[in-house]
Amino acid sequence: MPKQVDHEGRRRQIADAVCQLADESGLEGVTLRDVAARAEVSMGAVQRCFGTKEEMLVFALGHIGARIAARVTARLVASPAQSARTALGHATAEISLLQEEQRAEARVWLAFVAQAVVSPPLAEILRTNYADLQAVFTRLIGEATGSADPDREARTLLALTDGLTTHVLIGHLSPAAALDVLDGHLGRLWREPAA
């Protein structure tokens, strides 16, 4: 009887290998041969799962985005009686990837952001992810502050979280200093009167 292969599980296994390699040497260090070796599968298995390297990268980016989204959701579900302010604080802290245990994920995310500048399929995924996050931030800011322009505030907050990730990764800010910047911004947002 032929062995049954969990195709989606195999694709996630390969995506994990892509992320590990990207963390170690950036996306330029990701080759099909190295991915197969890291995932402990054959080159043929990688090629059966993904027709091209770009298709593999697109899946891996979606995979890491889904992991981040699941972590944000889990944190929000863990404290269901939260206010919009608390929910926004938890969400921004999670997506800014500032904690030590998120450092590898942050390096991989930024490697994908850099590659998206020259890869329209990766850029499309990132635009969709950012638009979804912005919509959530807009809703939470509107609920929490009554801001006249919650969409602008959401764009600002999204850009701030991304920027803080970069500043921590390159050593310009410590994680504690970055969280202080984020908390300070949220505090000002809560104190500003609605226009």
Colleague: Please determine whether a side-chain nitrogen of the Lys or Arg among R71 and E101 lies less than 4.0 Å from a carboxylate oxygen of the Asp or Glu.
Modeller: no
Colleague: Looking at R11 and C49, would you say the former's side chain and the latter's main chain have a donor-acceptor pair under 3.5 Å?
Modeller: yes
Colleague: If every non-hydrogen atom of C19 is compared with every non-hydrogen atom of A60, which pair is closest and at what distance?
Modeller: SG-O, 4.4 Å
Colleague: side-chain contact (heavy atoms from CB on, under 4.5 Å), that's the test. Do Q13 and R10 meet it? Break it down for me.
Modeller: CA-CA 5 Å; Q13 176 184 357; R10 172 74 49 88; 3.8 Å; yes
Colleague: So which atom in A84 and which in L140 form the shortest heavy-atom distance, rounded to 0.1 Å?
Modeller: CB-O, 3.6 Å
Colleague: Between S96 (side chain only) and A93 (backbone N and O only), is there a donor and an acceptor less than 3.5 Å apart?
Modeller: yes
Colleague: How far apart are the closest heavy atoms of I14 and A45, and which atoms are they?
Modeller: CD1-O, 4.4 Å
Colleague: Going by heavy atoms in the side chains, are R12 and F59 under 4.5 Å from each other?
Modeller: yes
Colleague: So, taking the atom named OG in S147 and the one named CH2 in W190, what distance separates them when rounded to the nearest 0.5 Å?
Modeller: 10.0 Å
Colleague: Locate the shortest heavy-atom distance separating V168 from R103; write the atom from each residue and the value.
Modeller: CG1-CZ, 4.0 Å
Colleague: Given side chains that start at C-beta, do those of V77 and T73 come closer than 4.5 Å, heavy atoms only?
Modeller: yes
Colleague: Is there a side-chain contact between V46 and K53 (heavy atoms, below 4.5 Å)?
Modeller: no
Colleague: Would you call R38 and D34 a salt bridge, using N to O less than 4.0 angstrom?
Modeller: no
Colleague: Would you compute the distance between atom CD1 of I64 and atom CD of E105 and round it to the nearest 0.5 angstrom?
Modeller: 4.5 Å
Colleague: Within this structure, what is the OG1-CD distance for the pair T165 and Q102, rounded to the nearest 0.5 Å?
Modeller: 9.0 Å
Colleague: Could you tell me whether the side chain of L158 reaches within less than 4.5 Å of the side chain of I95, counting heavy atoms only?
Modeller: yes
Colleague: Compare all side-chain heavy atoms of H167 with those of V181 and state whether any distance is below 4.5 angstrom.
Modeller: no
Colleague: Minimum heavy-atom separation for P150 to G142, with atom names?
Modeller: CB-N, 3.9 Å
Colleague: Charged N to carboxylate O below 4.0 Å: is that the case for E153 and R188?
Modeller: no
Colleague: For S119 and Q115, indicate whether the former's side chain and the latter's backbone hold a donor-acceptor pair under 3.5 Å.
Modeller: no
Colleague: Calculate, to the nearest 0.5 Å, the distance between atoms CD1 and CG belonging to I141 and D151 respectively.
Modeller: 9.0 Å
Colleague: Taking H63's backbone N and O only, do any of them form a donor-acceptor pair with R67's side chain (distance below 3.5 Å, no angle check)?
Modeller: no
Colleague: For the OG1 atom of T138 and the CD atom of E143, what is their distance to the nearest 0.5 Å?
Modeller: 11.0 Å
Colleague: Are side-chain heavy atoms of R48 and S42 found at a separation under 4.5 Å?
Modeller: yes
Colleague: Do you know the tightest heavy-atom contact between F112 and L126?
Modeller: O-CD1, 4.1 Å
Colleague: Between R139 and V136, is a side-chain contact (heavy atoms from CB on, under 4.5 Å) present by the stated rule, with each step listed?
Modeller: CA-CA 5 Å; R139 180 181 57 77; V136 170; 4.3 Å; yes
Colleague: So do the side chains of I125 and N129 get within less than 4.5 Å of each other, counting heavy atoms only?
Modeller: yes
Colleague: Determine which pairs satisfy salt bridge (Lys or Arg N to Asp or Glu O under 4.0 Å) with at least one residue from residues 108-125, sequence neighbours left out, and list them in order.
Modeller: E124-R127
Colleague: Checking E55 side chain against F50 main chain: does a donor-acceptor pair fall under 3.5 Å?
Modeller: no
Colleague: Does any N or O in the side chain of E94 come within less than 3.5 Å of the main-chain N or O of H90, such that one atom is a donor and the other an acceptor?
Modeller: no
Colleague: Between atom CH2 of W109 and atom CG of L97, what is the distance when rounded to the nearest 0.5 Å?
Modeller: 8.5 Å
Colleague: Any heavy-atom pair between the side chains of L186 and L157 that's under 4.5 Å?
Modeller: yes
